[in-house]
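These notes are about the structure you will find just below.
Per chain, numbering begins at 1; letters A, B, ... match sequence-line order.
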Amino acid sequence: MGIPGHDTPEISDVIVSFDPDTLVRRPVERDAARAVFADAGDRRAARIVARLPARGACLDPDAVDATLLRAHGELQRLSEEFQQGPRVLSLLEPLIAVIRARNHGSPIQVVDIGCGLGFIIRWLAASGSLGDDVVLLGCDFNRTFVAQATALAAAEHLDCSFVVGNAFALAEPATIYLSTGVLHHFRGATLPTFFEQQDQPGTQAFVHYDIAPTRLTPIGAWVFHQARMREPLARHDGVASARRAYDDATLLAAVRTGAPAFSALLFDATTQRSPWLNVMRPIIGVRTPLVAEFRRALGPLARRLTPDPPRDPDLVARPMPDPTATVAPTVSGDR
Amino acid sequence: MITATVLCLMALADGGLSGFRTAAGRNAMVRKERYYATAVARGVGAAIVALGVLGGAITVALVVAPDPAERYEDLVAAGQRMLLLYVLYTFVVLSALAGLAIPRFEVRSLLTSLILGPCTLIRPLVIMAGAVLAGIGAHDPTVASLAWLAALVMLAIEFAVARLWYRDLRLPAAEPATGTIGR
């Protein structure tokens, strides 16, 4: 599998870079990118980076985007197989019902952070299940992804849109933030900061899916990425992301630190469900006054939420990740 | 004849699934039933070509055999040994595929993670193991060679379908993304 450490970055984190203020894409030197992995002992990733085309000393951004698009096409296939659309919908429907009851007819904006090719937003639009008052929007830093997501939505006449940019700088903040496969890209102190940024006026909840780390996760990720992926970058990053995924306690602690106005809930916590059933599981944040209604709206599914407040003292006492470790989270979601 | 018929039906089913797998991950649309139906048809078509190649090779092998009846018997016995393994594998895969009809997304996801994904990974090994089984009991080296030819043409289907029709991700023409929301 060739991934030496839990915090070895993913290739997709290293081969693209955006100015955090202007969101303009910055050139990435191929040798520097390769050295990141060589220094970390990840020779396979270093070889993959070394094979990427360059213009002069820097990676060719068109070739990088083409590689990332192929990888995201394959990742969409995994999302389809693991029923990610229905999974998200099963939580969004009760959440939206609760918010709608208090919203007095205002639109409910659902924003997918790091949407990539926008599969989840497009799937939700295609399902037609959420109602006419729900606005579906995908955000990503990568212009190529946003352009393709927009074109894909137009080709299927789907009522959703995509924008280049920071999901937390929208003129109209999200009512509900979503993401899939994004959380593990936020390392160290940037994880609670990510949740803190969601505490915006008008934001009522967030639902962030990421890989559920269990003892079987690395081998399961390897099996699936060998069986289903062709793009070497996708195979590498799929396994790397499984190793970097946060455990339940870390996610709960990060929400409680970063966004204390939200009740932190896990659906299908890794300790409660078989790892075979639990490929992806979400951390959910709900404005505390809405939690009881959300549980009622979930019906029998509410049994699969973690208790709130947590009864496991470890979940409260758990320290946050090293705050000095900060990897800039400028990547697209990878599920 | 039953052995040959069952093996051919399995080859057609495997060809169809190879077509599906090759096409999967190369079209980012949400609704793509027709796309997948076309891919399955292409895979079945490729399997028919593969069976044609194999049938031609078997015919030649029988025509030039010193004792065609004995070689035919040997071929049938080899096919039956292949079936021992392939029937088990096919039963597991088809059962899982049938299970996908259950309208519960968690069941579908479970079938994928427990059965379909791992079965895809071991498919080349299963195909080659069948050829090994066929060759182990064969009295005639030509029969063992034909078993390996059968394995190779089946393994080639996915590669051929990918080369012919599904080399890259299909995306609609896109306008450059405009509008940026800065920090």
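- Contact of B:D168 with chain A is made through the side chain alone, with heavy-atom distances under 4.5 Å.
- Per-residue counts of heavy-atom pairs under 4.5 Å with chain A were compared for B:N27, B:T112, B:T120; the largest is that of B:T112.
- The shortest side-chain heavy-atom distance between B:L121 and A:F224 does not fall under the 4.5 Å cut-off.
- Rounding to the nearest 0.5 Å places CD of B:E175 at 10.5 Å from OG1 of A:T150.
- Of the atoms belonging to B:L116, heavy atoms from both backbone and side chain fall under 4.5 Å from chain A.
- Of the two parts of A:S90, only the side chain, counted from C-beta on, holds a non-hydrogen atom closer than 4.5 Å to a non-hydrogen atom of chain B.
- Heavy-atom contacts from other residues, nucleotides or ligands closer than 6.0 Å to CZ of A:R26 number more than 12.
- Summarising the geometry, atom CG belonging to A:L78 is positioned 11.5 Å from atom OG belonging to B:S113; distances are rounded to the nearest 0.5 Å.
- More than 12 heavy atoms of other residues, nucleotides or ligands sit less than 6.0 Å from atom OH of B:Y35.
- Judged by distance alone, with hydrogens and angles left aside, the side-chain atoms of A:R70 form no donor-acceptor pair with the main-chain N or O of B:L169 at under 3.5 Å.
- Atoms CZ and CZ, from A:R228 and B:R21 in turn, are 7.5 Å apart once rounded to the nearest 0.5 Å.
- For the pair A:Q84/B:S109, no side-chain contact is recorded, criterion being any heavy-atom separation below 4.5 Å from C-beta on.
- Within 6.0 Å of atom OH in B:Y72, 12 or fewer heavy atoms from other residues, nucleotides or ligands are found, so the atom counts as exposed in its surroundings.
- Summarising the local packing, CZ of B:R104 is surrounded by 12 or fewer heavy atoms from other residues, nucleotides or ligands at distances under 6.0 Å.
- The two residues A:A227 and B:G117 make their nearest non-hydrogen contact at CB-O, 3.6 Å.
- For chain A, the nearby part of B:A173 is the backbone; its heavy atoms alone come within less than 4.5 Å.
- For A:Q200, the CD atom sits in a packed shell: over 12 heavy atoms of surrounding residues, nucleotides or ligands are nearer than 6.0 Å.
- B:R31 contributes atom CZ, which lies 5.0 Å from atom CG of A:L158 (distance to the nearest 0.5 angstrom).
- Between the CD atom in B:E106 and the CZ atom in A:R87 there is a gap of 5.5 Å [rounded to 0.5 Å].
- Annotation for A:D62: atom CG counts as buried by contact number, over 12 foreign heavy atoms lying within 6.0 Å.
- Neither the backbone nor the side chain of B:R123 comes within contact range of chain A; no heavy atoms are under 4.5 Å apart.
- A salt bridge between B:R108 and A:E80 is absent, with no side-chain N of the basic residue lying under 4.0 Å from a carboxylate O of the acidic one.
- The contact between A:L117 and chain B is made entirely by side chain atoms (from C-beta outward), counting heavy-atom distances below 4.5 Å.
- Nearest heavy atom pair, residue B:A24 against residue A:R77, reads CB-CZ, 3.5 Å.
- Side-chain atoms of A:R230 come within 3.5 Å of backbone atoms of B:T22 as a donor-acceptor pair (strictly under, hydrogens ignored).
- Comparing A:A153, A:A66, A:G85, A:A126 by how many heavy-atom pairs each has under 4.5 Å with chain B, the most go to A:A126.
- When the shell of 6.0 Å around CD1 of B:I2 is examined, it contains 12 or fewer heavy atoms from other residues, nucleotides or ligands.
- A:R122 places a side-chain N or O within donor-acceptor distance of the main-chain N or O of B:A28, the cut-off being under 3.5 Å.
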